[in-house]
Amino acid sequence: MGNLQRLLTLKKSDVTFGRIARAIGRRLADVPQTMAWYSSAGFPAKNRERLSKLKNIHAGKRVFIIANGPSLKQIDFSLLKNEYTIGMNRIYLMKDVNGFVPTYLACIDLKSQLLQFTEDYDNLTIPCFYSWLLRNKFSKKDNQYFIKDRLKPEFSKDIARDGHGAGKSVTYACMQLAYYMGFSEAYLIGKDHSYNTSEKAGVGIKSTGQEDNHFIKGYYKPGMNWDAPDYRSEEFSYKLARKAFEEDGRIIKDATIGGKLDVFEKVDFYSLF
């Protein structure tokens, strides 16, 4: 039902034959992945058990969910030193910029992220959440957790049992992780919701290495792939996240400086300190 509702929000031009074919292919390939996820033995069982220990581990606390937009250049990261943070994708590059390292990191993008920067991600030492589909590409070290895409947008309140709802953005997965770990307040930063491209949603783009879509130049190397964002699908899922948080008496707001996302109530980042 959720997938149908999401499709109704898309422009006709965004619903291409290629996207439909890929969606069908993902669902067929997901059957053995789902069977493996629910296995009661071996690594799948151990992975789910480890995830289950994170439930409500930070109950009543606040967290900053950090995307990778260029607005991060306007953030004083020293303010986040003693805060809980969930960073996404290549936020680890921030360490070389200003020494910042997030509490947690999440990355579920297969093509543009995990397959292009596998070694980088495998060498991180902070707690990391990666796509279940690529678990065998990694060392499966104690700091690595693997979460499964449910292939439907419904907000997941139990990632250890159900995996995460699909929202066309790792930001949505981070929101579900924040909820699962019990945070009562979540604030987005760096979610500019604005890419410098006119390509249709989901279209693969070859990087020039000079794009200004992230907090650092050279985020992608020349010739690497990145996909045009699907703003409408993202916004659909973010509305589900806001509903889940607010129905449970929790707070989720957008503290991105100059961001174009209008799903969440805006709050000034610096007013939070």
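Reckoned from all heavy atoms, side chains included, excluding hydrogens, waters and symmetry mates. Quick caveat, the model's predicted, so the values are computed rather than measured.
The existence of a salt bridge linking D142 and R50 is excluded, since no basic side-chain nitrogen approaches an acidic carboxylate oxygen closer than 4.0 Å.
Within the cation-pi definition used here (under 6.0 Å to the ring centroid, within 45° of the axis), R135 does not qualify as a partner of Y130. A cation-pi contact links R250 to Y179, judged by a cut-off of 6.0 Å to the six-membered ring centre and 45° from its axis.
A donor atom on one side chain and an acceptor atom on the other are not found under 3.5 Å apart for N213 and Y219. Using modelled atom types, one finds no donor on one side chain facing an acceptor on the other under 3.5 Å when comparing Q210 with Y220. With no hydrogens or angles considered, no side-chain donor-acceptor pair links S194 and D192 at under 3.5 Å. Under the 3.5 Å distance criterion, with hydrogens and angles disregarded, a donor-acceptor pair is assigned to the side chains of Y121 and Q113. Judged by distance alone, the side chains of Q144 and D122 do bring a donor and an acceptor atom under 3.5 Å apart. Between the side chains of E185 and Y187, at least one donor-acceptor pair of N or O atoms lies under 3.5 Å. Of the N and O atoms on the side chains of K168 and S237, not one donor lies less than 3.5 Å from an acceptor on the other residue. Side-chain contact check for E234 and Y238: at least one donor-acceptor pair (N or O, by modelled atom type) lies under 3.5 Å.
Around the NZ atom of K266, the shell of radius 6.0 Å holds more than 12 heavy atoms that belong to other residues, nucleotides or ligands.
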_salt bridge (charged side-chain N to carboxylate O under 4.0 Å, His left out) for D120 and R90? Distances and angles first, verdict last._
CA-CA 9 Å; D120 283 3; R90 304 196 77 201; 3.1 Å; yes
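In this structure, F245 and F155 have perpendicular ring planes: the angle between them is above 60°, well past the 30° mark. The aromatic rings of F183 and H58 sit parallel to each other, their planes meeting at less than 30°, with 60° as the upper class boundary. Classified by interplanar angle (parallel below 30°, tilted 30° to 60°, perpendicular above 60°), the ring pair Y195/H214 is perpendicular.
Interatomic distance, NZ of K200 versus CG of D230, reported as 12.5 Å (0.5 Å rounding).
In this structure the side chain of Q116 reaches within 4.5 angstrom of the side chain of N225, judged on heavy atoms. Contact check for D227 versus S112: side-chain heavy atoms found under the 4.5 Å cut-off. Taking 4.5 Å as the limit, every side-chain heavy atom of L105 sits out of range of all side-chain heavy atoms of I86.
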